[in-house]
Colleague: 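The structure follows.
Counting starts at 1 for both ligands and their atoms, following the listed order. Since this is a predicted model, take the numbers as computed values, not measurements.
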Amino acid sequence: MRPIDFIYRFDPERQERKPLPENGAAARRLLEEGNRLFVRWIESCKLDSGPPEQHRYIVHYNAEDLGLPGASGEVVKQAPFAALLGCADARVPAEIIFGQPRNNLFVVRLAGNVLSDECLGSLDFAVNHLGDSIRIVVVLGHTMCGAVAAAVDTYLNPWSYLEETTTHALRSIVDRIFIPVRKAARSLRSSGGIEVDRSLAYRDALVETAVFVNTAQTAYDLRRSLDEIDRGDLQVVYGVYDLSTHRVRSLPQHRPGSDVAEICLADAPASLEEFEALTNLMAFNSLA
Ligand SMILES: [Zn+2]
């Protein structure tokens, strides 16, 4: 192992204003490329040689990103290019894993990345009041999510519900994840057979599938909510951050030989039929 450097760099000689991504597709590429670089940086600690740049992760700041006042002293305007809903888990800081400076992401984080009313209100504010800069809406889940695991455990053993979720507030989060868990369980049964739940690996497969289904469901719900406020033109995508590989991907992936190029955010399902097919694919990959 060797040292690696994570650097926020502001160069007063490079004062150019960074252009906003042209559209949702460009914003998505920017996020995916940021995560790709982040993964390479982390993996570079295992390399004994290579150029120094390979062992550095530099996030470039301009004066606006840094929050320096303008020529007449005005405070920099809020101008994120993406609104992101992610889990509150401390291991999943959106700006860092996507390599973004301050003021690029409007981030709402809530355990289990569930879509509560307050959370939807925050995103509603972002797309309506920061609409000049917002190009994309992202839902980000993560593997081994504690909120999803709690929903799975109480689904598998309903008698543990009151022990696992000791307060009404906690239950309000877990309750929102039961439907994705049930969808995941049904798809696992259809992929792995009716005895799939007898396997020792079943609980882990159910947690993993449910993490992806829950994230895609939130994106699906969000897409419909944006339609209701006439912002259906905004691209809504989802992805799951893998705590082991640091990669963001749209499907569970256990096959060996996967590489960095597979990092991706995917479009929110556009219909129930598409969502069901996606859930079956997620279950199939979790069992692979
Ligand atoms: Zn979580």
Side-chain angles (χ1 to χ4, degrees), residues 31 34-35 38-39 42 82-98 100 105-120 122-123 137-157 160-161 163-185 188 202-222 236-254 263-266 268 278-279 282-283 285-286:
L31 293 171
N35 182 236
F38 177 66
V39 170
I42 289 191
L84 185 145
L85 167 60
C87 181
D89 191 296
R91 297 167 293 182
V92 194
E95 284 90 346
I96 291 178
I97 67 174
F98 286 118
Q100 295 302 312
L105 305 181
F106 182 97
V107 180
V108 181
R109 290 174 67 181
L110 203 69
N113 42 277
V114 296
L115 195 57
S116 70
D117 290 346
E118 293 80 3
C119 170
L120 186 55
S122 295
L123 294 168
V137 180
V138 182
V139 180
L140 182 68
H142 68 96
T143 57
M144 303 175 77
C145 179
V148 174
V152 165
D153 289 339
T154 50
Y155 169 77
L156 294 175
N157 177 16
S160 71
Y161 181 65
E163 285 176 23
E164 291 262 357
T165 55
T166 51
T167 64
H168 176 73
L170 276 175
R171 275 173 228 141
S172 73
I173 292 174
V174 169
D175 289 355
R176 286 177 187 270
I177 307 176
F178 276 138
I179 296 300
V181 169
R182 290 203 58 177
K183 283 179 184 156
L188 282 171
Y202 177 68
R203 187 231 176 223
D204 288 347
L206 183 54
V207 170
E208 176 157 51
T209 308
V211 159
F212 280 85
V213 175
N214 179 52
T215 307
Q217 174 161 309
T218 303
Y220 176 79
D221 287 344
L222 200 46
V236 181
V237 298
Y238 77 92
V240 169
Y241 176 69
D242 188 322
L243 289 175
S244 300
T245 65
H246 313 288
R247 297 170 189 177
V248 174
R249 56 174 88 251
S250 58
L251 287 172
Q253 177 62 267
H254 280 166
I263 287 170
C264 65
L265 295 164
L278 179 64
T279 299
M282 288 168 170
N285 273 30
S286 287

Colleague: When you measure from the side chain of Thr165 to the backbone N and O of Leu170, does any donor-acceptor pair fall under 3.5 Å?
Modeller: no
Colleague: Is Asn35 reaching over with its side chain to a backbone N or O of Ile97, donor-acceptor style, under 3.5 angstrom?
Modeller: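 Present.
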Colleague: Using the salt bridge (Lys or Arg N to Asp or Glu O under 4.0 Å) criterion, which residues pair with Arg91? Sequence neighbours excluded.
Modeller: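 So Arg91 forms a salt bridge (Lys or Arg N to Asp or Glu O under 4.0 Å) with Asp89.
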Colleague: Around atom CZ of Arg182, are there more than 12 heavy atoms of other residues, nucleotides or ligands at under 6.0 Å?
Modeller: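 Result for CZ/Arg182: open.
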Colleague: So which protein N/O/S atoms does the Zn ion (ligand 1) have within less than 2.8 Å?
Modeller: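 Listed by chain and number: Cys87 SG, His142 NE2, Cys145 SG.
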Colleague: Please tell me if the side chains of Leu278 and Leu251 come closer than 4.5 Å, counting only heavy atoms from C-beta onward.
Modeller: yes
Colleague: Would you call the rings of His246 and Tyr241 parallel, tilted or perpendicular, where under 30° means parallel and over 60° means perpendicular?
Modeller: tilted
